[in-house]
Amino acid sequence: MSNLNRLNTLRVRLVLWSMLVNALLLIAFGGGIWFALRQVQYRQINDMLQLSAAQLAASIDANNGQLTIPPDDVAVLASRSVFAWVINDIGHVDLTIGQAAKQPAPTLENDLQDTLDEQGNPIRLYRYSLSENSGSIVVGISLRTVQQTLQTVLLILAATIPLALLISAVGAIFLAGRALSPIAAITAQAKRISHENLSERLAFKSRDEVGQLALTFDTMLDRLQAAFEHERQFIGNVSHELRTPLSMLKAQISLALNRPRDSATLVQMVSAMDGDVDRMARLVESMLTLIRTEATPISFIAVDLSDLLNGLVSQLQPLAAERQITLALETPPSVRTPGDPDQLVQLFLNLLDNALKYSTAGGQVRVCLTVDRHECQITVKDTGVGIAPQELSQLFDRFYRADPSRTRQTGGVGLGLSIARAIVQQHSGRIQVQSQPGRGSLFTIFLPLYST
């Protein structure tokens, strides 16, 4: 496997997506902590400046034109690293506290302002107006400690986020391996399954999503095996059905070539060969019809079943009269279903043809069309020989004949009902059969109604 293919795997994509999500979360979390800490730090500084300015304004005493501050208040300001200027109404500095003595009086555009001191260090100043002499107090504090704290936190985040990403990547690799190991086992086992051992199954016991995947795969294998066995049986049945007429045809040709025959004998032999060829032609045509029915998609149109059944019954009336069978139809007007008219004609023609073949003289074949909610129901009932109960479950199987000798006499190849079931399934319907020996058969077809 090339390096590009190794990178384009589900395991790698899971790890990369996990690292990307974790990176976004860590950056957002770290950035939120840093901004929250910054806000708290600066809010505390603002509160300290405002409190210091108010305390300083309350503690200033004026004796003989001189401003004084009690030493205890000065010590409190020094403990807070706060310095201050007391400025009179004409802008002169009357008193300084702390580092303010080393710096000129500031000129503020706003009551709260950030600037730099004489050494270039960042400071924050706050102006507090005095109501007594129209002067003001300007208190300040260095921002260097706050900025150093924020820089330290930023460096810690810059160091811990990559480390956390590395740890999460290791964890993601481990978890991806644990999560995908069942899939790897399923893949390896699936590769060993072929047409030679199609009966093997994954048999994965877990009930999670991977177990559901394995169960779905096993179900698909069941369908494939059934289809494979079905086709194998179909091929075997075709071979068996073709072998008999071909053997008879070969035997007739060999007899004709062994020694001279008179004209009457040759005509009889050729007639027998012609019957075998007709039987093979019917078999091939039926197989092609079944294959086309199962494989060809249908272009659904609205088909009027009432007109279709009326036409078929009228077409088969002469044949029914010839066999002395009563053929009757009961149908309401204009019942429509979505489907292919040619296939539906084939469906009902097969059922009616079987009903007429296996009904004796004086019998009846009755076709009835009814409507029930969202589907229509078509029944084809005859008074023929009927079918044994044990044979009903196999009646729609390919090449199955309830009575092989009788079916060959009537010219059937055992595919008519298989074709009928395939057509019904193509039309999203279903077909059922009820029968008793000597009492005839009842075929019921359910088809959806056409909705505009």
Side-chain angles (χ1 to χ4, degrees), residues 25-164:
L25 291 175
L26 289 172
I27 291 173
F29 180 73
I33 290 179
W34 187 85
F35 280 107
L37 179 62
R38 183 177 182 274
Q39 290 296 108
V40 170
Q41 292 282 336
Y42 281 118
R43 187 181 298 113
Q44 290 178 348
I45 287 177
N46 293 341
D47 294 341
M48 185 184 298
L49 290 176
Q50 293 174 2
L51 177 62
S52 299
Q55 290 176 345
L56 183 59
S59 62
I60 293 176
D61 292 329
N63 295 321
N64 299 325
Q66 294 292 327
L67 300 179
T68 59
I69 300 175
D72 293 341
D73 293 334
V74 174
V76 170
L77 295 177
S79 66
R80 299 173 182 170
S81 300
V82 173
F83 49 91
W85 295 267
V86 180
I87 303 172
N88 58 30
D89 56 348
I90 61 175
H92 291 165
V93 177
D94 291 338
L95 183 66
T96 60
I97 298 173
Q99 297 180 4
K102 302 178 183 179
Q103 302 181 38
T107 301
L108 302 181
E109 298 179 358
N110 303 307
D111 290 339
L112 188 65
Q113 181 175 320
D114 291 341
T115 184
L116 300 176
D117 62 9
E118 292 296 318
Q119 289 77 33
N121 296 318
I123 59 175
R124 173 164 289 187
L125 302 176
Y126 173 69
R127 179 171 59 196
Y128 184 87
S129 298
L130 297 173
S131 59
E132 297 178 355
N133 56 6
S134 300
S136 62
I137 296 176
V138 177
V139 293
I141 190 171
S142 174
L143 298 177
R144 186 173 182 180
T145 302
V146 174
Q147 291 185 351
Q148 287 177 347
T149 302
L150 294 176
Q151 289 176 358
T152 301
V153 172
L154 193 62
L155 289 175
I156 293 174
L157 291 174
T160 55
I161 287 178
L163 180 61

Measuring from atom [atom1] of [X] to atom [atom2] of [Y], what distance do you get when rounded to the nearest 0.5 angstrom?
| X | Y | atom1 | atom2 | result |
| --- | --- | --- | --- | --- |
| Ile87 | Thr96 | CD1 | OG1 | 11.0 Å |
| Leu154 | Ile33 | CG | CD1 | 12.0 Å |
| Asn110 | Arg127 | CG | CZ | 7.5 Å |
| Gln55 | Leu77 | CD | CG | 7.0 Å |
| Met48 | Ile141 | CE | CD1 | 5.0 Å |
| Arg124 | Thr115 | CZ | OG1 | 12.0 Å |

What are the two closest heavy atoms between [X] and [Y], and how far apart are they?
| X | Y | answer |
| --- | --- | --- |
| Arg144 | Asn121 | NH1-OD1, 4.1 Å |
| Leu26 | Ile161 | O-CD1, 3.8 Å |
| Ala84 | Ala100 | O-CB, 3.1 Å |
| Glu118 | Lys102 | CG-O, 4.5 Å |
| Ser59 | Pro70 | O-CD, 3.2 Å |

Report the residues that fulfil salt bridge (charged side-chain N to carboxylate O under 4.0 Å, His left out) with Asp73, sequence neighbours left out, ordered by chain and then residue number.
->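 With neighbours one apart ignored, the set is empty.
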Whether Trp85 side chain and Val93 backbone form a donor-acceptor pair below 3.5 Å =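 Not at all, since once roles are kept as given, no pair shorter than 3.5 Å links the two residues.
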Donor-acceptor pair, side chain of Ser52 and main chain of Leu49, under 3.5 angstrom |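 Not confirmed, Ser52 side chain does not pair with Leu49 backbone.
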Can you find a heavy atom in the side chain of [X] that is under 4.5 Å from one in the side chain of [Y]?
| X | Y | result |
| --- | --- | --- |
| Phe83 | Leu125 | yes |
| Tyr128 | Val139 | no |
| Ser81 | Gln99 | no |
| Leu51 | Arg80 | yes |
| Asn46 | Tyr126 | no |
| Val40 | Arg43 | yes |

Return the set of residues passing side-chain contact (heavy atoms from CB on, under 4.5 Å) with Pro122 (not counting sequence neighbours), or none when no residue passes.
->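 Expected list: Leu116, Leu143, Gln147.
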Report the C-alpha distance between Ile97 and Leu56 in whole Å, list the side-chain angles of each, state the deciding distance to 0.1 Å, and finish with yes or no for side-chain contact (heavy atoms from CB on, under 4.5 Å).
-> CA-CA 10 Å; Ile97 298 173; Leu56 183 59; 3.5 Å; yes
